[in-house]
Structures are given as C-alpha cells and as structure tokens.
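Just so it is clear: chains get the letters A, B, ... in the order the sequence lines come, proteins before strands, and each one is counted from 1.
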Amino acid sequence: MSLVSGPGRGGMTAIPAELQLFVDKHVRYIQSLDTRKDELEYWLTEHLRLNGLYWGLTALHLLGHPDALPRQEIIGFVLSCLHGNGGFGAAPGHDAHILYTVSGVQILATLNAFDELEERVKDGRKKIGQYIADLQDPETGTFAGDEWGERDTRFLYGALNALSLMNLLHLVNVDKAVEYVQSCANFDGAYGTRPGAESHAGQVFTCVGALTIAGRLDLVDQDKLGAWLSERQLKNGGLNGRPEKKEDVCYSWWVMSSLAMLNKLHWIDGKKLTSFILQCQDPEGGGLADRPGDMVDVFHTVFGLAGLSLLKYPGLAEVDPV
Amino acid sequence: MPRFYHDDPAWSDVEPIAQDDGGPNPLAAIAYTDEYSEAMGYLRAVMANNEYSERVLSLTEHIITMNPAHYTVWLYRARALEQTDTSLADEIAWLNPTALMHLKNYQIWHHRQTIIDRLGSPDGEADFIATMLGQDSKNYHVWSYRQWLVKRFGIFDDKELAWTESMIEEDVRNNSAWNHRWFLVVGGRGGQGVSEDIVKREIEYAQTAIRKAPQNESPWNYLRGIIRHAKLPTSTVKSFILAFADLEKPDEVYSSHALDLLADIYIEENKKDKAMKVLDLLANKYDPIRAHYWNYRKGLLEETGAVG
Ligand SMILES: [Zn+2]
C-alpha cells in the first residue's frame, strides 16, 4: 500500500451525521500513540513498532495530515532499526526480519527519503535490496522471513513490494516467485499462506499483490477469485476473511484492494461497507476497531481508512491498492 | 511474582545492557516496567556474549512468558537449544501450556515445527492439537501445523481422514476442516489422480453436509472443487441441486449457492433464458448484496449469445 496522490478535497458538509468520519480525532489518536511510553502495553508491542509507525503514517496521509508526525525524527528512528546486513528490526535492538524491512522501505518511500538513506548509509538501497534478495529460496522461489527460515506468502509479497519501491526487482527471480504464488492457489479460487493452506483474504491480498507487481495477473482465475472475495461480504455490510468467520474492519482492506487489483471493486456493496466501517470509529478518542464496540488500534485504523479511501469516501487521499 | 536478576548470584557476572534507542530520539525514548526491562537488559548482555546456556534458556522462557511476540527471543532460544543438550521432549512439554496461553501467537508454531522435525516423530502431537482446537477450532496456525505434520510424516491415512470428519461433524461450518479434507484427499498428494470411487464418495460426503446447512459456503465450494477436479459436468449433481433451488418454485429456494450452480448447469445445457432467470433471482432476491456480480454474469451470458 502506498499513496498515489496528495491530501484529498476536504469538505464534508453534505454528509449525514451517522456517516461522518472524525478526521481530527483520528489524527490526534495517531499522534497520541507515541506518548504512551509509561504503559507496559507500549513495550509489549515493541515488535510491531516499525509496522505501527508505517500504519500511523499512512493513516495520516490518507487523512490529509501527512505532517502530523515529525519527518526527521521518523527517518532517524527508522534508520536506527537498520542493521549492517541491510535488514530492519522492529525496533532498535530487535533482529532483522523481512516484515520490518518492508515497513522500513515503505516508510522511506512514503516520506520520499531514499536520498537521505543514501546520505546516511552508503549504498543503503543496495544493501537492503541484497538482504531481501538473499532470503529468496532459489529452488522454490519463495521467501523466508529471516534466517530462522519460516515461509509465508506475506514475506514473498513484502519482498517484491519493497524491491519494486526501490526499483530493484531485478535482484530476485520474479518468475520463480510467481510460480510459487500459483502453487498456493486453492480449489475455491483463493490463496493461502503455503501450498495447501486454507484460503484467507489476507493471503489473497499478498498473492494478488505479488502477481500485480510481477505483471502476471493473467495467471489468476479472476472471475472465480472475484466471486470468492465478494462472498466475504456479510449482511451487516462488513467483510470476513474466511468462510463462516466474523466480519472485521481489516478485511475491508485485504478484500477490497484485491478486488480493486482485479477491477471488480463494484462486486461488493460499497454503501453497506462504508457504513459498517464508520460504525467502528471511536467518535470520542479517535481510531477504529475491528468491529463496533471493540477497542481501537492503529492497525484497524489504517486499514479501515484505506478501505474508505478505496470506496471513494470524500476528503480522503487516494490509495494505491498494491 | 515478578522475577529479578540483579540480586541473583547466578547472574552476578552479567552486566545488563540498557536499550540503545538510536540516539536522542523522542520517538524511541524508554520507560519500561521494571521486570520486563531488567530481563531484556540481561538478554541483550548474553546475546552480546553469544552465551548459550541453561540460564539463557530460563531467561528466554521468562521473557517469552511476559511477551511471546518478541521474535528475537524465540530465535535466540532456538539457537540456545541447539547449542546446549536440552531434551527436546522437555521443550515440547514446556511449549504446550505456553501455546495454550497465547492462542494467536505464531512464533510458537514455527518453533514447535523445528523441534518436532528434529525429534523425527509426531507422537503426542494429535492430542495437543485437539486441545488447541478445543480453544479455537478454526485457528489458522494450528491447521497449518497439522498439514505440515501430515506431509512431514506421510500421514495421509484413514485415521487422519476420520479425525477430519469428526471435526466437520462437530461444526459443519468449519472451513479449516474442509480445507484439511481437501488436502488429504486431493491437494496434498502432489497431483496424483483421484479414483472414480473416491470422487463419488466425496460428492456424497459434501451433499450430506449441505443437507444439514444448505447455505453453508464450505461444502458447496468443496463440491464444486471435486466436480471440477474430476472434470465432470456440473449437471452430474443436477437432481441434488433442484432439491434446493428450482425455477419452477422460485419462492422456495433454500440456498443461493444452489442457484449459482444451477445457472452453471443451464449454461452448460445452452439454456440461456433459464440461466438468466436464475441469475435474476440471485441479483434481485436471494443475494442482492452481490447484485453487481450476478449482473456481470448475466452480461457474460449475453455476449456468448447462446440460444435459449
Ligand atoms: Zn482485524
């Protein structure tokens, strides 16, 4: 997910109260996340720090307040997570892992900070690209998350995404990666984490995203997958991630961005989904939860907002589905 | 009860290392709670010395109990296990309650997989999985791990199939269990063909499940998958489908999925008008939330110009 255009148009006067998006509250909510360091919770989620920063930053861009977090400090923090081997950890002192490396690259791309990277770390881009490339399994084409060796299509998508943001896709065997993605396709038309693993909307996003980056959407049974994805919408308008599971705001993003990449976004009922997402807002403290009445968090906040952006909610910046 | 290291004689030789937050950076300023903070300080110190020992295992255990999502701790523990001669069976015994306490954690599963792989036997794993699924019968990590076990130890047997059936019986809407059945019967066998008898058995199995809950998506996907895999026409199950959705009785439709397949059958049979009517029923009455999808299907049909 990256941003394709600047702040949106603003002006929400014509929107009825129950369809209001509480922009200022959400901005303040995200700004407040970093001031909670006296809470244990903050430190127990340290392994998500870099991802969290990316989610918060993206949310602020979507809300039209890209400067609400201090740019220089973010770049400083991101680079403090960078290891000599070119991988990023979740926070300073954490081991490098592909998920954080992707977030690091995404943040630098969002802030247009690749020049600063090169200034502060000689050949920074190249080093990061090589770290990612070395995680590819030359035999199967998939990617490990770190030297520990766990494999997941999330890592594969992340690798291709980060490399393409740095214009370094040529460092890996894209054809092999594409082959692997196709081996994760299931009988129901959707995709799982590994060959044979159950179809899951999050995994569909990573596989369709990877194929989009590779320019190989021709391999997808698009009608069948589109049908499976649109089947994710429940009567209350929300989307689930697997058959017979509960709705959850984050799937607004995984399902919709996948449909958008297949040009089938209109296969779900956008009005119903919009109102479901808006019901997940905390109108007082800001932020969005997974479903109405639950606790908000930055993860569901950004994916809810990105979903609304795909639904062309007025005033939000436009988001790129990949 | 909190556990501290600074006055523990077993740790008196170690000077904990405070977190380096990358300089004077307000975004990363530090204020840990004492116990977690101290344990992490000792972890950084032993990691700096590459120490792999009994006490490192106990330190990592302590930290994991406080924060199982800290992947660096798991990674370091895995290395420590390799370097010390700790019993792998003991490690599994410790992992069991830890996994039960942290159902959503996925590092645990990768760790477990590495250890069982080294142990070379799946003994006892089925019982543990049953306990885990008792907490959440659709836990994605647990089902993925079960697949890995089946593949690693070649357990594509009747016992595994019977267990999967019992899971489906318990909850016919458990899509994870349906996926596991597919893996056992078709998907995990590396493209080996499925015999006619088994195709017949699977079709019947899915049909029985559909009768229990006609709007349940999982067995419908399964049925469709089997038919497609066996390269059979959809009309193979026409009479079954007509019991759930029949154009003659448009007010007595029991499943939108049946209508979906009925449309396919009419398209196969070149009965375009009937297929259109079925798709109309879906778009307007039985699945209006996806009206655009059903209208798209109608559009495709118009393009093909099949006669009705
Ligand atoms: Zn969620």
Chemist: Going by the side-chain contact (heavy atoms from CB on, under 4.5 Å) test, name the single residue among B:Val199, B:Leu161, B:Thr164 that passes it with B:Val185.
Modeler: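 The option that passes is B:Leu161.
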Chemist: Checking heavy atoms, do the side chain of B:Arg297, its backbone, both or neither come under 4.5 Å from chain A?
Modeler: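 For B:Arg297, no heavy atom lies under 4.5 Å from chain A.
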Chemist: Keeping B:Glu202 on the side-chain end and B:Ile226 on the backbone end, is there a donor-acceptor pair under 3.5 Å?
Modeler: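 Between the backbone of B:Ile226 and the side chain of B:Glu202 there is no qualifying donor-acceptor contact (under 3.5 Å).
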Chemist: At a heavy-atom separation under 4.5 Å, does A:Leu48 approach chain B through its side chain, its backbone, both, or neither?
Modeler: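 Nothing of A:Leu48, per the 4.5 Å heavy-atom cut-off to chain B.
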Chemist: Looking at B:Gln113, B:Arg79, B:Lys138, which makes the most heavy-atom pairs under 4.5 Å with chain A?
Modeler: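 The residue among B:Gln113, B:Arg79, B:Lys138 with the greatest pair count is B:Lys138.
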Chemist: Of the non-hydrogen atoms in B:Ser37 and B:Arg44, which two are nearest, and what is the gap between them?
Modeler: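 It is O-NH2, 4.5 Å.
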Chemist: Need one label for A:Lys271: side chain, backbone, both or neither, based on atoms under 4.5 Å from any heavy atom in chain B.
Modeler: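 Answer is neither: A:Lys271 stays 4.5 Å or more from chain B.
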Chemist: Which bit of B:Gln147 is near chain A, if near means a heavy-atom gap under 4.5 Å: side chain, backbone, both or neither?
Modeler: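 Looking at B:Gln147, just its side chain touches chain A.
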Chemist: Quick check on the interface: out of B:Trp143, B:Phe183, B:Tyr296, who has the most heavy-atom pairs with chain A under 4.5 Å?
Modeler: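 Greatest number of close heavy-atom pairs with chain A: B:Tyr296.
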Chemist: Could B:Arg224 and B:Asp264 be called an ion pair, given the rule that one side-chain N must be under 4.0 Å from one carboxylate O?
Modeler: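 Looking at B:Arg224 and B:Asp264, the cut-off is met.
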Chemist: Checking heavy atoms, do the side chain of B:Tyr140, its backbone, both or neither come under 4.5 Å from chain A?
Modeler: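 For B:Tyr140, heavy atoms of backbone and side chain both lie under 4.5 Å from chain A.
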Chemist: Heavy-atom distance under 4.5 Å to chain A: side chain of B:Asn295, backbone, both or neither?
Modeler: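 No part of B:Asn295 comes within 4.5 Å of chain A.
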Chemist: Tell me whether B:Glu303 is salt-bridged to B:Lys298, with the criterion being a basic N under 4.0 Å from an acidic carboxylate O.
Modeler: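 No.
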Chemist: Shorter than 4.5 Å, heavy atoms on both sides: which option in A:Leu234, A:Ile268, A:Thr193 has the most such pairs with chain B?
Modeler: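 Looking at each option in turn, the highest pair count goes to A:Thr193.
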Chemist: Quick check: closest heavy atoms across A:Pro92 and A:Phe77, and the distance to 0.1 Å?
Modeler: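 Closest pair (atom of A:Pro92, atom of A:Phe77, distance): CD-CE1, 3.7 Å.
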Chemist: Among B:Asn216, B:Asn179, B:Asp287, B:Asp260, which residue forms the greatest number of heavy-atom pairs with chain A at distances under 4.5 Å?
Modeler: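 Of the candidates given, the most pairs with chain A belong to B:Asn179.
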Chemist: Applying the ring pair (Phe, Tyr, Trp, His ring centres under 6.0 Å) test to A:His200, which of A:Trp254, A:Tyr251, A:Phe205, A:Tyr191 qualifies?
Modeler: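 Exactly one candidate clears the test, A:Tyr251.
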Chemist: Given that the side chain runs from C-beta out, which part of A:Leu99 has a heavy atom under 4.5 Å from chain B: side chain, backbone, both or neither?
Modeler: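 When you check distances to chain B, only side chain atoms of A:Leu99 fall under 4.5 Å.
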Chemist: Can you confirm if the NZ or CZ of A:Arg194 lies within 45° of the ring axis of A:Tyr180 and under 6.0 Å from the centre of its six-membered ring?
Modeler: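 The answer is no, since A:Arg194 fails at least one limit relative to A:Tyr180.
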Chemist: So for B:His141, is it side chain, backbone, both, or neither that comes closer than 4.5 Å to the heavy atoms of chain A?
Modeler: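 Neither part.
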